[in-house]
2 protein chains.
Amino acid sequence: MLSYTEENYLKAIYHLSDSGSKAVSTSEIAETMNTKAASVTDMIKKLSNKNLIAYEKYYGVKITKQGRQEALMVVRKHRLWETFLVQKLQFSWDEVHDVAEQLEHIQSTLLIEKLDEFLEFPTVDPHGHPIPDKSGKITEVRQVPLSDCSGKKKIIVRSVKHGSPSFLQYLSKIGVYIGANVSILDKVEFDGSLEIMIDSKKKVFISREAAQNLLVTE
Amino acid sequence: MLSYTEENYLKAIYHLSDSGSKAVSTSEIAETMNTKAASVTDMIKKLSNKNLIAYEKYYGVKITKQGRQEALMVVRKHRLWETFLVQKLQFSWDEVHDVAEQLEHIQSTLLIEKLDEFLEFPTVDPHGHPIPDKSGKITEVRQVPLSDCSGKKKIIVRSVKHGSPSFLQYLSKIGVYIGANVSILDKVEFDGSLEIMIDSKKKVFISREAAQNLLVTE
DNA sequence: ATATTTTTTTAGACTAATCTAAACTTTTAT
DNA sequence: ATAAAAGTTTAGATTAGTCTAAAAAAATAT
Ligand SMILES: [Mn+2]
Ligand SMILES: [Mn+2]
Ligand SMILES: [Mn+2]
Ligand SMILES: [Mn+2]
């Protein structure tokens with residue numbers, strides 16, 4: 001069984017590697033984990049001995065099939081808990097991440113299966129991120145940054161790329177939410193900012209930066 | 001903030017001291033924590049330095065006001081989570097304790113307040129044990145072991161003294177639950193075993209040992 | 001009142017996870 | 001092609017929590 005810390009490292013490596021496809025460097029891991037490279041090297045050896053990652057000295061790590069599976073289970077728990085907090089306990093979507101960071105480490109298969117059932121088997125979390133099923137399968141929906149869209153098509157907001165509390169609060173304030181219908185009214189060539197219409201009701205301006213962080217389907 | 005381990009020690013000391021009234025010995029703590037006396041001595045010093053217990057060398061420890069308060073918050077979380085697991089996730093009462101041992105250490109005041117509200121402010125957990133409120137207050141109901149009862153009075157099962165999974169499973173099997181109405185049909189002087197009637201429907205025999213573990217109001 | 005037994009504490013060691021500083025590799029720049 | 005810079009690993013320490021074995025104190029028995 002993995003320790004709390006091992007789970008966190010493995011999850012970080014999984015995310016940094018684009019769900020396990022590319023190799024990840026020691027310093028990248030140190031950066032996201034808020035630790036020093038020396039500590040990462042130590043942990044890397046441990047995870048490597050457990051066959052959760054493939055480690056080549058000085059060339060970073062790649063997650064193994066088994067490691068990916070373990071990481072997916074942590075991600076699954078994290079996202080199910082976030083969904084629980086929002087749907088059942090009335091948390092707002094900017095309050096859930098830190099608590100889910102703790103809850104994701106609770107060890108009980110029964111618990112997570114019952115929770116999944118209680119929530120009626122959700123497929124996305126409050127930030128629009130997919131929830132791996134019991135076996136680790138993810139149903140990805142092709143999404144593009146709103147900043148890449150143009151024209152008058154009907155656009156639906158699907159997820160946020162990076163869900164920092166301040167960005168999420170900002171979205172709530174201007175009326176953007178997962179599932180919202182938006183259309184692009186105007187695009188400023190100079191700085192890439194957009195004027196959009198939300199739910200045919202509300203007109204708002206958003207920066208290119210914000211638009212890059214919003215993933216949508218056309 | 002207390003560590004996971006400090007919380008566990010403090011809770012154990014709280015329980016062993018009858019909610020904080022009497023002093024507790026090093027060996028008692030070692031016994032319930034499944035550690036060695038030497039480890040307990042170390043931890044005792046730490047908790048004492050934090051003013052959560054009063055420690056006098058060779059004479060055991062007494063919990064302080066502040067320590068009692070911290071312990072009560074852990075107990076509160078433990079029992080709220082157990083209630084959640086049974087009432088919302090359909091766990092049975094013999095499955096919840098070990099998971100609650102983990103969940104009780106999640107750090108989030110908001111979470112526990114929202115959970116309390118979601119459960120509609122329960123006052124007892126699935127085993128009939130009182131749930132401390134937000135401020136730590138407990139409303140104790142005077143209860144006696146069923147083994148101390150006699151006569152034909154109407155008796156209500158209120159809680160179990162020690163809720164081991166096997167005892168709880170046994171109770172479920174014979175039809176005893178928290179809130180059940182029982183009356184004593186016969187008491188065997190020789191071994192203290194009882195014949196009882198549950199909900200005016202079912203007759204069962206139980207041993208003195210079982211009767212001592214069932215707390216009731218007359 | 002002493003001796004024996006039991007309990008508790010101390011001393012020293014171990015593991016997981018972390019750090020700093022130094023050594024070593026790889027990458028980049030001239 | 002070589003030197004400097006950047007990134008990575010190793011060496012050695014630290015902290016929390018644990019252990020065993022030995023020393024010390026308290027309780028119990030004669
Ligand atoms: Mn999150
Ligand atoms: Mn985590
Ligand atoms: Mn319990
Ligand atoms: Mn616990």
Side-chain angles (χ1 to χ4, degrees), chain A residues 1-17 22-63 67 70-71 74 98 101-102 104-107, chain B residues 1-17 22-63 67 70-71 74 98 101-102 104-107:
Chain A
M1 221 185 56
L2 299 182
S3 74
Y4 192 104
T5 311
E6 288 172 326
E7 285 190 343
N8 280 339
Y9 271 94
L10 198 58
K11 190 180 67 153
I13 293 168
Y14 170 81
H15 285 312
L16 284 169
S17 68
K22 69 171 209 242
V24 183
S25 73
T26 302
S27 51
E28 279 180 284
I29 300 168
E31 168 86 7
T32 54
M33 295 292 294
N34 285 303
T35 54
K36 296 301 156 77
S39 310
V40 173
T41 302
D42 283 348
M43 180 54 77
I44 272 175
K45 288 177 185 163
K46 265 180 56 180
L47 294 176
S48 181
N49 287 335
K50 294 189 176 188
N51 288 310
L52 300 166
I53 56 178
Y55 171 44
E56 219 190 323
K57 247 183 174 181
Y58 291 103
Y59 291 92
V61 302
K62 250 195 110 171
I63 206 160
E70 293 277 3
V74 180
D98 290 349
E101 277 300 306
Q102 299 179 61
E104 75 189 5
H105 302 289
I106 303 291
Q107 303 284 1
Chain B
M1 220 184 58
L2 298 182
S3 74
Y4 192 103
T5 311
E6 288 171 328
E7 286 190 343
N8 280 339
Y9 270 93
L10 198 58
K11 191 179 67 150
I13 294 168
Y14 170 80
H15 285 313
L16 285 170
S17 67
K22 68 171 209 243
V24 183
S25 72
T26 301
S27 51
E28 279 181 283
I29 300 169
E31 168 86 7
T32 54
M33 297 290 295
N34 284 303
T35 54
K36 296 300 155 79
S39 310
V40 172
T41 302
D42 283 347
M43 181 53 79
I44 272 175
K45 287 178 185 164
K46 267 180 55 180
L47 294 175
S48 180
N49 286 336
K50 293 190 175 186
N51 287 310
L52 299 166
I53 57 178
Y55 170 44
E56 217 190 324
K57 244 183 176 180
Y58 291 104
Y59 290 93
V61 301
K62 249 194 109 170
I63 205 158
E70 294 278 3
V74 180
D98 290 349
E101 277 298 307
Q102 298 179 61
E104 75 188 4
H105 302 289
I106 302 291
Q107 303 285 0

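So you know, we letter chains A, B, ... as the sequences are listed, proteins then strands, and number each from 1. Just so we're clear, the structure is a prediction, and the values are computed from it rather than from any experiment.
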So does B:Glu104 pair up with B:Lys11, basic N to acidic O under 4.0 Å?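 Judged by the 4.0 Å cut-off on N to carboxylate O distance, B:Glu104 and B:Lys11 do form a salt bridge.
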Going by an N to O cut-off under 4.0 Å, is there a salt bridge joining B:Lys62 and B:Glu56?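 Salt bridge: no.
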Please check the phosphate of D:dT8 (OP1 and OP2 only) for any side-chain N or O of A:Lys36 closer than 4.0 Å.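 No, outside the criterion.
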Under 4.0 angstrom between B:Ser27 side-chain N/O and C:dT8 OP1 or OP2: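 Affirmative; the distance criterion is met.
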Which listed nucleotide ([options]) is nearest to the side chain of [X]?
| X | options | result |
| --- | --- | --- |
| A:Tyr59 | D:dC19, C:dT26, C:dT8 | C:dT26 |
| B:Asp42 | D:dC19, C:dT25, D:dA11 | D:dC19 |
| B:Thr35 | C:dT26, C:dA21, D:dT18 | D:dT18 |
| B:Ala38 | D:dC19, C:dT25, C:dC19 | D:dC19 |

Classify the nucleic acid contact of [X] as base, sugar-phosphate or nothing, counting any heavy atom under 4.0 Å across all strands shown.
| X | answer |
| --- | --- |
| A:Tyr55 | sugar-phosphate |
| B:Tyr9 | sugar-phosphate |
| B:Thr41 | base |
| B:Thr26 | sugar-phosphate |
| B:Ser39 | base |

Distance check needed: [N] [atom2] versus [X] [atom1], whole Å only.
| X | N | atom1 | atom2 | result |
| --- | --- | --- | --- | --- |
| A:Glu31 | D:dG7 | CD | P | 11 Å |
| A:Lys45 | C:dT15 | NZ | P | 16 Å |
| A:Tyr58 | D:dT10 | OH | P | 6 Å |
| B:Glu56 | D:dA25 | CD | P | 15 Å |
| A:Ile29 | D:dT9 | CD1 | C1' | 14 Å |
| A:Leu2 | C:dA16 | CG | P | 13 Å |
| A:Met43 | D:dT10 | CE | P | 16 Å |
| A:Asn49 | C:dA16 | CG | P | 11 Å |

Closest-nucleotide ordering on DNA chain C, the 5'-leading residue of A:Asn34 and A:Lys57: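 Upstream on the strand: A:Asn34.
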Side chains of A:Glu28 and A:Ile13: closer than 4.5 Å at any heavy-atom pair?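 SC-SC contact between A:Glu28 and A:Ile13 ruled out.
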Given side chains that start at C-beta, do those of B:Thr26 and B:Ile44 come closer than 4.5 Å, heavy atoms only?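 In short, these two side chains touch, coming nearer than 4.5 Å.
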What verdict does the side-chain contact (heavy atoms from CB on, under 4.5 Å) test give for A:Tyr9 and A:Glu7, after you've listed the backbone C-alpha separation in whole Å, the side-chain angles of each residue and the deciding distance to 0.1 Å? CA-CA 6 Å; A:Tyr9 271 94; A:Glu7 285 190 343; over 6 Å; no
